[in-house]
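Encoded as structure tokens, the structure appears first; notes follow it.
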Amino acid sequence: MPITRKIYTLVVCIVFSISSGYASGPPAHAVASAHPLATAAGVEILREGGNAFDAAVAVSAALGVVEPYSSGFGGGGFWLIHRASDGKQVMIDGRETAPALAHVRMYRDRQDNVIKDASINGPLAAGIPGMPAGLVHLAEHYGRLPLSRSLAPAKRYAEQGFRVTARYHRLAGYRAETLRQYPAAARIFLQDGSPPRIGHLVRQEALAATIDAIAERGLDGFYRGPIAETMVREARKHGGIWSLRDLEAYRVIEREPIVTNYRGARIVSAPPPSSGGIVMAQALQILTAFDLDGMSNVQRKHHIIEAMRRAFRDRAVFLGDPEFVDVPVERLLHKSYLEGLALTVDPAKATPSTIIGEGPALLQTGTQTTHFSVIDREGNRVAGTLSVNTLFGSCFVATGTGVLFNNEMDDFSIKPFTPNAYGLIGDEANAIAPGKRPLSSMTPTFLETPDRIGIVGTPGGSRIISMILLAALDFADGRLPQSWVSLRRFHHQYQPDQVQFELYGLTEFEQQQLAGLGHELREISRRYGNMQAILWDKTENLLHSVSDPRGEGLAVIVE
Ligand code: GLY
């Protein structure tokens with residue numbers, strides 16, 4: 001492939017001079033995704049005359065083939081879209097739903113103890129997938145090309161295979177033991193029962209046939225007929241509870257994004273059942289009470305941590321699927337409520353989480369997931385965050401379909417209504433119920449000012465939200481996406497009451513000073529996140545497309 005990894009360094013080559021005012025659309029298209037083949041799929045479709053929505057279908061589908069550890073046709077996702085012709089902005093919610101036979105105690109034994117790994121491994125851990133429905137919806141309602149055309153690169157990658165990378169090899173190592181328990185999965189994703197060597201060709205002929213069925217028959221290709229019947233039969237054979245009715249009933253939902261303003265920037269982000277938009281909006285509004293620019297680095301980080309702590313507490317108590325629980329969005333984002341929270345921040349010391357209000361500990365949501373960003377020359381854009389939850393989802397493949405099932409059921413609160421380790425009761429909003437969508441942290445986001453448009457997202461479980469918050473603050477400070485993706489990352493999620501930070505995320509000095517303010521600190525042993533970001537600078541009419549240096553993604557500008 002002739003495109004290079006550091007393509008963003010070439011942006012100066014594509015400056016379009018404009019005579020006056022803002023350009024009506026960007027000077028080119030841009031795609032940034034977590035895998036070079038997925039980015040190439042988007043480029044292929046844009047070059048064939050597809051718009052950003054067609055490219056989003058192509059990139060999503062391709063990621064599902066070449067990053068089986070992160071997303072796939074057996075998973076789900078959120079696509080935040082902006083249509084240039086009328087300015088319409090919605091989030092297409094293709095989140096998984098709990099099967100009809102799901103119930104609040106399904107992962108607990110007779111003594112009410114959580115059954116180890118029951119919500120992680122095997123088909124009982126899987127929600128009804130939303131990814132195929134999301135792709136069909138995008139193509140039918142917003143795309144320009146036939147679905148079959150946009151799915152063609154993914155089908156090709158499945159049929160002809162893709163080469164195992166160092167990242168694939170490493171991630172398969174974490175899940176090899178479980179993949180071995182499911183022979184249909186082990187045959188595809190392992191090599192003689194072990195993580196495949198780098199360069200090994202992973203071919204997925206059955207998945208190619210499934211993609212073909214979706215391309216030909218749309219929703220009916222996946223949610224009805226032979227593929228649906230095989231998935232249900234195989235799931236049931238291995239302890240799952242899916243039914244044909246669950247599959248037939250699956251629907252994507254178009255949702256109004258959460259919008260907040262921060263220092264002249266308009267931040268457009270994911271609404272429930274994602275927690276991302278609300279938590280980020282709350283944190284940003286708390287921070288408007290402070291002069292972050294006038295603070296030392298340590299003071300600034302202390303205030304950001306305190307804002308995260310307070311916003312994440314509300315996540316744990318109030319957020320869930322809005323079709324099932326009354327999420328008090330207006331109250332949570334009300335100016336006076338957030339001003340009140342800001343008043344509780346002590347500049348001289350950390351506030352212990354236990355004294356800002358009751359709430360349960362947030363279990364780490366899946367750390368994998370993936371993201372892509374795309375914009376076309378007309379100004380249509382998509383921020384897409386996709387997931388099968390933890391690495392390789394549930395590790396279960398329905399024989400004959402190639403579909404790797406998610407384990408998104410683990411994003412529900414598995415044991416609500418029960419005092420947690422802190423003696424607190426909560427999390428009912430995210431209890432399991434048939435047809436319900438588990439609370440997510442996926443945070444596809446647009447960052448907008450009159451002269452700059454940003455498109456951003458990342459994987460990383462609950463840390464997704466703090467990563468996007470840091471990127472939004474950096475955007476508001478006028479910095480470029482090269483900076484957003486490279487920022488050193490730190491995180492607080494109310495409980496456990498600790499500041500988590502990636503390797504080198506805080507300097508020794510910052511660690512000493514923050515500890516002095518009373519923060520407990522915990523270094524996560526490795527770097528986290530894999531942000532894919534695009535910036536369209538309207539005044540210069542320049543595009544920047546950037547892939548996180550922590551990953552193996554590819555960001556390109558397509559003339
Ligand atoms: N499964 C990751 C998330 O939805 O947050």
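Whatever order the structure lists ligands and atoms in, that order sets their numbers, starting from 1.
- By the criterion of a heavy-atom distance under 4.0 Å, neither the backbone nor the side chain of Ile464 is placed next to ligand 1.
- In the vicinity of Met442, heavy-atom distances shorter than 4.0 Å reach the ligand 1 atoms 3 (C), 4 (O), 5 (O).
- Looking only at atom types and distance, the side chain of Thr390 has no donor-acceptor partner in the side chain of Gln368 under 3.5 Å away.
- Near Thr369, meaning under 4.0 Å from any of its heavy atoms, are these atoms of ligand 1: 2 (C).
- Numbered from 1 in the order shown, with element, the atoms of ligand 1 that lie under 4.0 Å from a heavy atom of Ser440 read 3 (C), 4 (O), 5 (O).
- At least one N/O-N/O distance between Asn389 and ligand 1 falls below 3.5 Å.
- By the 6.0 Å and 45° rule, Arg83 does not stack over the aromatic ring of Phe53.
- For the pair Arg463 and Tyr528, the cation-pi test (distance below 6.0 Å, angle within 45°) is passed.
- Judged by the 6.0 Å distance and 45° axis criteria, Arg488 is not positioned over the aromatic ring of Phe501.
- A donor-acceptor contact closer than 3.5 angstrom is absent between the side chains of Ser243 and Arg236.
- Among Ser441, Pro438, Gly460, the residue whose heavy atom lies closest to atom 5 (O) of ligand 1 is Ser441.
- If you number the atoms of ligand 1 from 1 as listed, the ones under 4.0 Å from a heavy atom of Glu408 come out as 1 (N), 2 (C), 4 (O).
- In this structure, a donor-acceptor pair under 3.5 Å is absent between the side chains of Asn530 and Asp548.
- Counting heavy atoms closer than 4.0 Å to ligand 1, residue Arg95 contributes side-chain atoms (C-beta onward) but none from N, CA, C or O.
- A donor-acceptor pair is defined here as one N or O able to donate and one able to accept, closer than 3.5 Å; no such pair exists between the side chain of Asn406 and the backbone of Val388.
- Not a single heavy atom of Gly461 sits under 4.0 Å from any atom of ligand 1.
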